[in-house]
Amino acid sequence: MVDLMLYTVIRGLAVGVLVSAPMGPIGILCIQRTLNKGRWPGFVTGAGAAFSDLFYALLTGLGMSIVIDFIETNQSLLQILGSFVLLGFGIFLFRQNPAKSIRKAGNTKNTFTQDFVTAFFLTLSNPLIIFLFIGLFARFNFFTPDTRLVDYVAGYASVFGGAIGWWFTITYLINKVRTRFNLRSIWLINRTIGIVIMVMSIVGFILGLNSYFN
């Protein structure tokens, strides 16, 4: 059972990072605040997004657990469908122009609470993230017949940990290169992550087909 929990934790960390890593509006906001106000305002912004991601992860997981028997019966098919979802998201991310998401930062000196709350609700305002969670949960087989309640708790905590870890790392790195960070850096991050997600989706699709027909 320890191996199962460790596996669940690893998958949860991967989901948390993959959900947080794309440089959409919240990523741009986090970078803006890090560049303009320093590392910790940027990190608190990311933390707000991470809590919102946890909310959607729980919402997705609870919704999926209602149909857990269907998921177990059609695991291979769901892995194939989840791979298609991830492929579409990867292509979208690869083609995204981060310059369109940038807005000039105002002169208002927000508190940490304001930074957190604005990021939380900005992320919460995008319910489409549920589809990304569905794709990732299906791709990583987050739900298995042997998963216990304690494993689910560890898994969701790991999703949050992966998200927080990403924002902690990215704000640290951006703060270190504040004088050299530009839009091209964001564009390269988007493309790199988009390629990684597309490769993962293709691998998942192949594995799903192999499992479905065998």
Side-chain angles (χ1 to χ4, degrees), residues 8-61 89 92-93 96-130 132-133 136 140 153-194 196-197:
T8 302
V9 168
I10 293 173
R11 288 179 295 177
L13 289 172
V15 170
V17 171
L18 288 173
V19 167
S20 302
M23 288 296 163
I26 190 63
I28 299 299
L29 180 62
C30 180
I31 290 173
Q32 280 183 342
R33 287 178 176 172
T34 303
L35 294 176
N36 295 331
K37 299 165 60 178
R39 179 187 178 188
W40 294 114
F43 174 71
V44 170
T45 299
F51 271 97
S52 184
D53 288 340
L54 177 62
F55 171 80
Y56 275 126
L58 289 169
L59 190 64
T60 303
F89 182 76
F92 167 78
L93 187 60
Q96 189 178 39
N97 179 8
K100 294 181 179 179
S101 300
I102 287 186
R103 296 179 180 178
K104 293 183 179 179
N107 295 322
T108 303
K109 300 294 184 181
N110 292 342
T111 64
F112 282 163
T113 300
Q114 291 171 322
D115 289 338
F116 179 91
V117 170
T118 54
F120 178 86
F121 283 106
L122 177 60
T123 306
L124 199 67
S125 67
N126 180 25
L128 293 179
I129 197 172
I130 288 180
L132 178 57
F133 271 116
L136 288 169
F140 286 105
V153 173
Y156 288 123
S158 299
V159 170
F160 178 74
I164 282 289
W166 167 261
W167 294 118
F168 185 86
T169 302
I170 198 67
T171 52
Y172 172 80
L173 294 176
I174 292 171
N175 192 56
K176 287 293 184 181
V177 295
R178 290 173 71 176
T179 58
R180 300 188 297 274
F181 203 85
N182 52 40
L183 277 178
R184 179 169 177 79
S185 302
I186 304 174
W187 179 80
L188 288 174
I189 291 173
N190 270 359
R191 291 221 155 184
T192 300
I193 297 172
V196 170
I197 291 177

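If you're wondering where the values come from, they're calculated on a predicted model, not measured in any experiment.
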Atom CD1 of I174 and atom CZ of R39: how far apart are they, to the nearest 0.5 Å? 10.5 Å

side-chain contact (heavy atoms from CB on, under 4.5 Å) between F133 and L59: does it pass, once the steps are laid out? CA-CA 10 Å; F133 271 116; L59 190 64; over 6 Å; no

What is the minimum heavy-atom distance between G162 and V17, and which atoms define it? O-CG2, 3.5 Å

Can you tell if the side chain of L173 reaches within under 4.5 Å of the side chain of K176, non-hydrogen atoms only? no

Interatomic distance, T60 atom OG1 to L132 atom CG [nearest 0.5 angstrom]: 9.0 Å

From T34 atom OG1 to Y172 atom OH, the distance as rounded to the nearest 0.5 Å: 13.5 Å

With sequence neighbours left out, the residues meeting side-chain contact (heavy atoms from CB on, under 4.5 Å) with V9 are M5, L13, A154, S158

Which atoms form the tightest heavy-atom contact between Y156 and L54, and what is the distance? O-CD1, 3.6 Å

Which atoms form the tightest heavy-atom contact between T8 and R11, and what is the distance? OG1-NH2, 3.2 Å

Would you indicate whether the side-chain heavy atoms of W167 and I170 approach each other to under 4.5 Å? yes

Listing, residues 41-53 side-chain donor-acceptor contacts under 3.5 Å, not counting sequence neighbours, or none:
residue: T45; atom: OG1; partner: R33; partner atom: NH1; Å: 2.9
residue: T45; atom: OG1; partner: P41; partner atom: O; Å: 2.8
residue: S52; atom: OG; partner: F120; partner atom: O; Å: 3.4
residue: S52; atom: OG; partner: L124; partner atom: N; Å: 3.1

Can you tell me how far CZ of F55 sits from CD1 of I129, rounded to the nearest 0.5 angstrom? 11.5 Å

Would you compute the distance between atom OG of S20 and atom CZ of F160 and round it to the nearest 0.5 angstrom? 9.5 Å

